[in-house]
*Asks:* 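Before I ask anything, let me first share the structure, which is written out below as structure tokens.
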Amino acid sequence: MIEESAIAAPSGRWHDGLTRKHWQVLQAGFLGWIFDGYEAMAIIVVLGPMMHSILTPTQAASTSIYAGGVIGITLLGWGLGGIVGGVLADYIGRKRMMMWSIFLYAMFSGLTVFANGFLVLCALRFLTGLAMGSEWGTGVALVSETWPDRARAKGLGFLHSGFGWGTLVAAVIWYALSSIHPLGQETWRLIFAVGALPALGVLYLRRGLDESEQWKQAVREKRWNATSNKARQSSATQKSADNDKRPFTLKLLFTEPTALRRTVLTMILSAVTTVGWWAISSWLLTYTVTLGKAEGVADPAAWGSRVSITYTIGAIVAYMLSGFIIDLLGRRLFMCLTFLGSLLVTVATYKLTSTVEGMAILAPINGFFTLGCAFAWMAIYPVELFTPTVRTSAISMIFNGARLIAWVFPIIAGTLIKSFGGIPNTALTMGSVYLLGILLPWFLPETTGKKLPE
């Protein structure tokens, strides 16, 4: 348990009062998030050679459909697993759920090395996503419930940077592997072998991590309300509380009026983030290579890899700074400016840029907004809207619910590109979703400088 004196330390520098325990919690979540990011990027960077290796000659005639299916089934597993894992974490605890999540997704990632056909690959990718999804919410909840209020946003920003570092590691490792091809056309399998390493972190988590005391106390005191424990918000909740019977967490999110409003609005904003990012990032490498070929550059594929790497570097910078920026601007203004920046950089990337050099210049700016800031708010803001007994259910529903919508887009990507007349028009059309992100934050409460609901 983290000392109360540390939490109640007088104001000063943001990190005053942080103890070894605080940093241990952050390190544990950071470890899991590195491999979350690694897995997310790995499936993208090896998609081409993986499809070439796995598909039969007949299937290879429709490579884009099968490739979209692999990404889509991974996102579907990620979304379902995240919601289920988030609910379980509110019942069995953050630490236990995090340990099982990391162990299982490491195991299934490692087994992907042995995939010998499209159906086997899809099954393993679904199971990997299913296990991986719940790690996100448990890490966020642990850090938010144990770090002091004045440092919480910074800590969550650092935590989320683990995702960015993971994507960068995957991009760099694949860049190196694809340069030497140690296993020839089967080299793609090695990147998933590395994905099995998080299992080692489970031993660290078992030894050095404490359960959230805030969650334990809320459960002991039977504080079941989703957004406020000072007033009962419905007769149904009152009856359940009087009978000491715990209401189902997801039911509370969609029946308490205040919780319902917050859940729906933040889920829409999450969908804006996910759909916009998918439209930007999934075509960035391909579009860069296409521009390179049109220009006649020596190695278009290398330019694509460089753009992917610098895009990720821009996101990491955003993650590291997001906690400081969001505390300075406030939650709502930060989100509004983030989505405005995402919209503008989408136009600049796909409408105003026609050279690989231009793409390389824009890539880190693109990553800063569409991947960095656009996802950072989901680690910092939703935890401040819900109480401990529903917190992981809520933040996991917000983060992963969008994947239950977005998973179909990779599957229909080819159709979309054909319908809209090419990648630039498709990206611009999909990117227009950022307009919702500019408007909707103002319908949510401002929580900057306030304590977490207890």
Side-chain angles (χ1 to χ4, degrees), residues 33 37 40 136 140 144 152-165 167 262 264-282 284 310-351 362-385 395 398-403 405-406 427-449:
W33 273 43
W136 187 89
V140 170
S144 68
R152 183 177 61 248
K154 284 85 168 176
L156 290 171
F158 296 152
L159 172 67
H160 208 150
S161 74
F163 186 92
W165 286 111
T167 60
R262 295 178 181 182
V264 170
L265 286 174
T266 49
M267 283 184 66
I268 294 173
L269 287 167
S270 175
V272 168
T273 293
T274 304
V275 171
W277 169 76
W278 176 81
I280 293 296
S281 67
S282 63
L284 197 62
T310 55
Y311 175 86
T312 304
I313 291 173
I316 292 173
V317 172
Y319 291 140
M320 299 294 289
L321 296 178
S322 61
F324 298 89
I325 299 173
I326 202 170
D327 276 345
L328 179 65
L329 298 179
R331 277 45 173 167
R332 296 182 297 184
L333 181 58
F334 174 86
M335 293 164 68
C336 176
L337 294 179
T338 289
F339 291 121
L340 176 61
S342 298
L343 180 62
L344 294 177
V345 79
T346 300
V347 174
T349 298
Y350 289 102
K351 187 71 173 178
L362 275 176
I365 303 172
N366 195 330
F368 184 90
F369 285 104
T370 63
L371 177 56
C373 294
F375 278 92
W377 74 266
M378 284 192 282
I380 297 171
Y381 184 45
V383 297
E384 300 171 346
L385 300 176
I395 61 179
I398 291 164
F399 184 70
N400 293 291
R403 284 183 166 79
I405 301 171
L428 289 170
T429 302
M430 299 290 290
S432 64
V433 72
Y434 286 128
L435 290 170
L436 281 174
I438 297 171
L439 298 174
L440 289 184
W442 303 105
F443 294 92
L444 288 163
E446 181 58 69
T447 56
T448 303

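None of these values were measured; they are calculated from a predicted model.
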*Asks:* For T370 and Y311, does a side-chain donor sit closer than 3.5 Å to a side-chain acceptor?
*Replies:*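 T370 vs Y311: donor-acceptor pair found between side chains.
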*Asks:* Can you tell me how far CZ of F334 sits from CD1 of I380, rounded to the nearest 0.5 angstrom?
*Replies:*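 Going from the CD1 atom of I380 to the CZ atom of F334 covers 6.0 Å.
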*Asks:* Should L156 and W377 be marked as a side chain to side chain contact (heavy atoms under 4.5 Å, CB included) after you check the CA-CA gap, both sets of side-chain angles, and the distance that decides it?
*Replies:* CA-CA 9 Å; L156 290 171; W377 74 266; over 6 Å; no
*Asks:* For L371 versus Y319, what's the shortest heavy-atom pair and its separation?
*Replies:*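 Heavy atoms of L371 and Y319 come nearest at O-OH, 3.0 Å.
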*Asks:* Got more than 12 heavy atoms from elsewhere within 6.0 Å of CZ, F324?
*Replies:*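 Yes.
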*Asks:* Decide yes or no on side chain to side chain contact (heavy atoms under 4.5 Å, CB included) for L343 and F339, but give the supporting numbers first.
*Replies:* CA-CA 6 Å; L343 180 62; F339 291 121; over 6 Å; no
*Asks:* State, to 0.1 Å, how close A318 and C373 come at their nearest heavy-atom pair, and which atoms those are.
*Replies:*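 Closest approach of A318 to C373, heavy atoms only: CB-N, 3.7 Å.
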*Asks:* When rounded to the nearest 0.5 angstrom, what distance separates CD1 in I438 from OG in S342?
*Replies:*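 Here the interatomic distance stands at 8.5 Å.
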*Asks:* Minimum heavy-atom separation for I398 and M267, please, with both atom names.
*Replies:*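 Smallest heavy-atom distance, with atoms named: CA-CG, 3.9 Å.
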*Asks:* Is any side-chain heavy atom of L284 closer than 4.5 Å to one of Y350?
*Replies:*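 Yes, side chains in contact.
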*Asks:* Determine, step by step, whether L444 and L269 satisfy the side chain to side chain contact (heavy atoms under 4.5 Å, CB included) criterion, reporting the C-alpha distance in whole Å, the side-chain angles of both residues, the deciding distance to 0.1 Å, and the verdict.
*Replies:* CA-CA 11 Å; L444 288 163; L269 287 167; 3.8 Å; yes
*Asks:* Shortest non-hydrogen contact from A363 to T310?
*Replies:*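 Closest pair (atom of A363, atom of T310, distance): CB-OG1, 3.3 Å.
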*Asks:* Which pair of non-hydrogen atoms, one from R331 and one from I326, has the smallest distance, and what is that distance?
*Replies:*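 So the two residues come closest at NH1-O, 3.4 Å.
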*Asks:* Between CH2 of W442 and CG of L265, what distance do you get to the nearest 0.5 Å?
*Replies:*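 If we round to the nearest 0.5 Å, W442:CH2 and L265:CG are 14.0 Å apart.
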*Asks:* Answer whether the closest heavy-atom distance between the side chains of I395 and M378 falls below 4.5 Å.
*Replies:*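 No. Closest side-chain heavy atoms not under 4.5 Å.
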*Asks:* Measure the acute angle between the ring planes of F399 and W136, then classify it against the limits of 30° and 60° as parallel, tilted or perpendicular.
*Replies:*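 F399 and W136: parallel rings.
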*Asks:* To the closest 0.5 Å, what do you measure between CD1 (I313) and OG1 (T167)?
*Replies:*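 One gets 9.5 Å once the value is rounded to the nearest 0.5 Å.
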*Asks:* Within the distance-only criterion (no hydrogens, no angle test), does the side chain of T274 pair as donor or acceptor with the backbone N or O of A271 below 3.5 angstrom?
*Replies:*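 Between the backbone of A271 and the side chain of T274 there is no qualifying donor-acceptor contact (under 3.5 Å).
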*Asks:* Can you tell me how far apart CD (E384) and OG1 (T448) are? Round to the nearest 0.5 Å.
*Replies:*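 Output value for this atom pair is 7.0 Å.
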*Asks:* Check the pair L340 / Y434 against side chain to side chain contact (heavy atoms under 4.5 Å, CB included), numbers first and verdict last.
*Replies:* CA-CA 7 Å; L340 176 61; Y434 286 128; over 6 Å; no
*Asks:* Give, for atom OG1 of T349 and atom CG of L362, the distance between the pair rounded to the nearest 0.5 Å.
*Replies:*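 Result: 4.5 Å between the selected atoms.
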*Asks:* Determine the interplanar angle of the H160 and W33 rings, folded into 0 to 90°, and report it as parallel if under 30°, tilted if 30 to 60°, perpendicular if over 60°.
*Replies:*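 Perpendicular.
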*Asks:* Provide the closest heavy-atom pair for V140 versus A379 in the form atom of the first, atom of the second, distance.
*Replies:*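 Distance-wise, the nearest heavy atoms are CG1-O, 3.5 Å.
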*Asks:* Hey, what's the ring geometry for F163 with F375, parallel, tilted or perpendicular (30° and 60° as the breaks)?
*Replies:*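 Rings of F163 and F375: parallel, under 30°.
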